[in-house]
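The next block holds one structure in the form of structure tokens; read it before the comments.
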Amino acid sequence: MLPETSQTPPTDLRGLSRDQLSALVARLGEKPFRARQLFAWLHGRGARSLDEMTDLSRALRERLASETHLTTLAIDETQLSNDGTRKFRFRTEDSHFVEAVFLPEDDRRTLCVSTQVGCPMGCAFCRTARSGLTRNLTTSEILAQVYEVNRAIAALGVEGKRPLTNLVFMGMGEPFLNFDNLLAALALLQDDAGLNFSRRHITVSTSGIVPMIERFGALTENKLAVSLNASSDAQREALMPVNRRYPLAELLAACRRFPLRQGRRITFEYVLLDEINDSMDDARRVARLLRGIEAKVNLIPYNESPGLPFRSVPIERAERFRDLLLGQGLVAVIRKNRGRDILAACGQLAAKGSEGLSSTSSVVEDDLD
Ligand code: SAH
Ligand code: SF4
């Protein structure tokens, strides 16, 4: 008889907090330092399997193998852009695809991470929206994107134990709809026995789920990015259904209350859409909306997507928009368009090959410092 006592899936070791891992190791009758060893394998070295953990006894590894699980997130395909951007497509154990994008730039090596398979938010311009939501990623799957890419780029010769320096949660999905798994992943990524990311080097982007902005501010010290994308409620409602539930006044009030550390700003992403939200009047309204907020506006050139009616704007118009914001005392930059040749630039990792593939679309940004 198998000692199986319940129908719940086995515990995923990678998703356990430090305390949960210690409790598991204690329950197995092992000394506390075994939990530290296990943690270092899982989160410091990004181990894929118990077999790698050669300094743990075979007996312990066998017990762990019979009672727990270590989810595999296999790199299914990678694509390299001529600007160095590298797109990784992963296959989940249940055969969905998610993507993460590596954006190297000088000393900064940023990974754009996904939090859901698909996205339920329905933004009109976004490729990911078209597939709807398939499911949340687990904590373990969120982490595995980081650990797998870290290994891959280490193998490519980028020096150091922690080749990635920055993370942005701007891939597929709405991070604040997968809040518990996101927070668990952040804690593990920031653990000094793990990859020890600094809080200010991790940014989470939301379409504007107001109550979660407050919780995020209360529970973390990470950076916040908000997808504004419009200068009035009418315009934003047409582009982002979330605005019906949380209109601009509520969204910006939550941003005003957001606890910012000294010198930090909230990033507002603004995808420039030709003839839709790109006029000088729009720029003036954006400046008015953001008055009194420590804000940085990232103007994002739109990545056109087959089947979607939106067009990107000429660079001169983006520059005029930026200059108007600068003239109003705001910090504003035009985001560089990365990985365009491999469809890995901001906001679009287009589905490739058969339409039948699970969502392979995603959203990518540079880091936001
Ligand atoms: N769901 C979260 C995080 C992922 S989307 C959010 O919406 O904030 C990350 C960013 O990509 C958003 O600011 C979104 O407006 C932008 N984006 C989506 N599709 C895009 C596209 N085709 N071109 C450029 N940016 C896009
Ligand atoms: Fe989801 Fe963000 Fe795309 Fe909107 S822009 S559909 S919230 S991934």
Side-chain angles (χ1 to χ4, degrees), residues 98-101 103 110-134 136-137 142 167-179 182 202-210 212-213 216 222-230 235-246 251 255 266-274 276-278 296-313 318 333-340 343-351 359-368:
V98 287
E99 290 177 338
V101 177
L103 302 138
T110 303
L111 187 69
C112 176
V113 181
S114 294
T115 51
Q116 299 183 310
V117 182
C119 181
M121 300 305 293
C123 301
F125 51 84
C126 176
R127 175 120 202 155
T128 308
R130 298 169 83 192
S131 53
L133 176 69
T134 301
N136 277 337
L137 292 177
I142 294 172
L167 300 176
V168 293
F169 286 83
M170 297 182 181
M172 294 168 68
E174 168 50 57
F176 284 178
L177 292 183
N178 190 9
F179 198 73
L182 171 75
I202 300 185
T203 302
V204 179
S205 174
T206 181
S207 58
I209 315 234
V210 166
M212 291 301 164
I213 292 178
F216 183 71
N222 296 107
K223 290 171 75 176
L224 175 70
V226 174
S227 298
L228 185 62
N229 293 340
Q235 207 181 56
R236 196 162 187 270
E237 263 176 37
L239 295 172
M240 303 179 71
V242 67
N243 200 76
R244 277 181 234 138
R245 181 77 181 79
Y246 302 112
L251 175 61
C255 292
I266 299 176
T267 297
F268 289 89
E269 297 150 286
Y270 195 98
V271 182
L272 285 166
L273 303 166
D274 189 40
I276 304 249
N277 64 0
D278 60 342
K296 170 182 173 178
V297 182
N298 269 342
L299 298 169
I300 307 177
Y302 182 61
N303 278 289
E304 295 178 10
S305 189
L308 292 181
F310 302 97
R311 296 288 157 257
S312 63
V313 302
V333 295
I334 301 171
R335 182 128 315 281
K336 246 187 293 168
N337 215 332
R338 303 281 307 266
R340 203 161 207 165
L343 298 172
C346 298
Q348 185 194 42
L349 292 171
S359 170
T360 54
S361 40
S362 180
V363 174
V364 178
E365 285 289 315
D366 299 66
D367 182 47
L368 299 163

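In listed order, ligands and their atoms are each counted from 1. These figures come from a predicted structure and were not determined experimentally. For reference, positions follow the sequence shown, starting with 1.
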Review point. Are any side-chain N or O atoms of N229 and backbone N or O atoms of V271, one a donor and one an acceptor, separated by less than 3.5 Å?
Key: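 Between the backbone of V271 and the side chain of N229 there is a qualifying donor-acceptor contact (under 3.5 Å).
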Which bit of [X] is near ligand 1, meaning a heavy atom under 4.0 Å away: side chain, backbone, both or neither?
X: E174; answer: both
X: T206; answer: backbone
X: N303; answer: both

**Study point:** Qualifying residue, where the test is side chain to side chain contact (heavy atoms under 4.5 Å, CB included) with V113 and the options are L182, V168, V204, I142
**Key:**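 Of L182, V168, V204, I142, side chain to side chain contact (heavy atoms under 4.5 Å, CB included) with V113 is met by I142 alone.
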Check your understanding: For ligand 1, which atoms, with element, lie under 4.0 Å from some heavy atom of I300?
Key ->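 Near I300, the atoms of ligand 1 are 24 (C), 25 (N).
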Review point. In terms of atom number and element, which parts of ligand 1 are under 4.0 angstrom from non-hydrogen atoms of N229?
Key: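 Answer, ordered by atom number: 15 (O).
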Check your understanding: Relative to the heavy atoms of S207, which atoms of ligand 2 are at a distance of less than 4.0 Å?
Key ->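 Listed by number with element, the hits are 7 (S).
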Point to revise | Atom indices of ligand 2, in the order listed, that fall short of 4.0 Å to a heavy atom of M121 | key: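 Within the 4.0 Å cut-off of M121, ligand 2 contributes 1 (Fe), 7 (S).
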Heavy atom of [X], distance to ligand 1 below 4.0 Å:
X: G173; value: yes
X: R127; value: no
X: G171; value: yes

Exercise for review: Return yes when at least one N/O/S atom of C123 is nearer than 2.8 Å to atom 1 (Fe) of ligand 2, and no when none is.
Suggested key: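 Of the N, O and S atoms in C123, none lies under 2.8 Å from atom 1 (Fe) of ligand 2, which means no.
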Check your understanding: Does the shortest distance from atom 3 (Fe) of ligand 2 to an N/O/S atom of C119 fall below 2.8 Å?
Key ->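 Looking at C119, which is the residue asked about, there is no N, O or S atom under 2.8 Å from atom 3 (Fe) of ligand 2.
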Review point. Knowing that exactly one of N178, N136, T128 qualifies, which makes a side chain to side chain donor-acceptor pair (under 3.5 Å) with Q116?
Key: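 Only match with Q116 under side chain to side chain donor-acceptor pair (under 3.5 Å): N136.
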Check your understanding: Looking at E269, K223, E174, which one forms a side chain to side chain donor-acceptor pair (under 3.5 Å) with S205?
Key ->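 Only one option passes, and that is E269.
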Review point. About how many Å separate CZ of F125 and OG of S305, when rounded to the nearest 0.5 Å?
Key: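 The OG atom of S305 sits 11.5 Å away from the CZ atom of F125.
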Point to revise | Between CG on residue L167 and OG1 on residue T203, distance to nearest 0.5 Å | key: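 So the CG of L167 and the OG1 of T203 are separated by 9.0 Å.
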Practice item. Give me the ring orientation class for Y302 and F310: parallel if the planes are under 30° apart, tilted from 30 to 60°, perpendicular past 60°. Key: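 It falls in the perpendicular class, over 60°.
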Exercise for review: Could you walk me through whether M172 and L137 pass the side-chain contact (heavy atoms from CB on, under 4.5 Å) test, one step at a time?
Suggested key: CA-CA 10 Å; M172 294 168 68; L137 292 177; over 6 Å; no
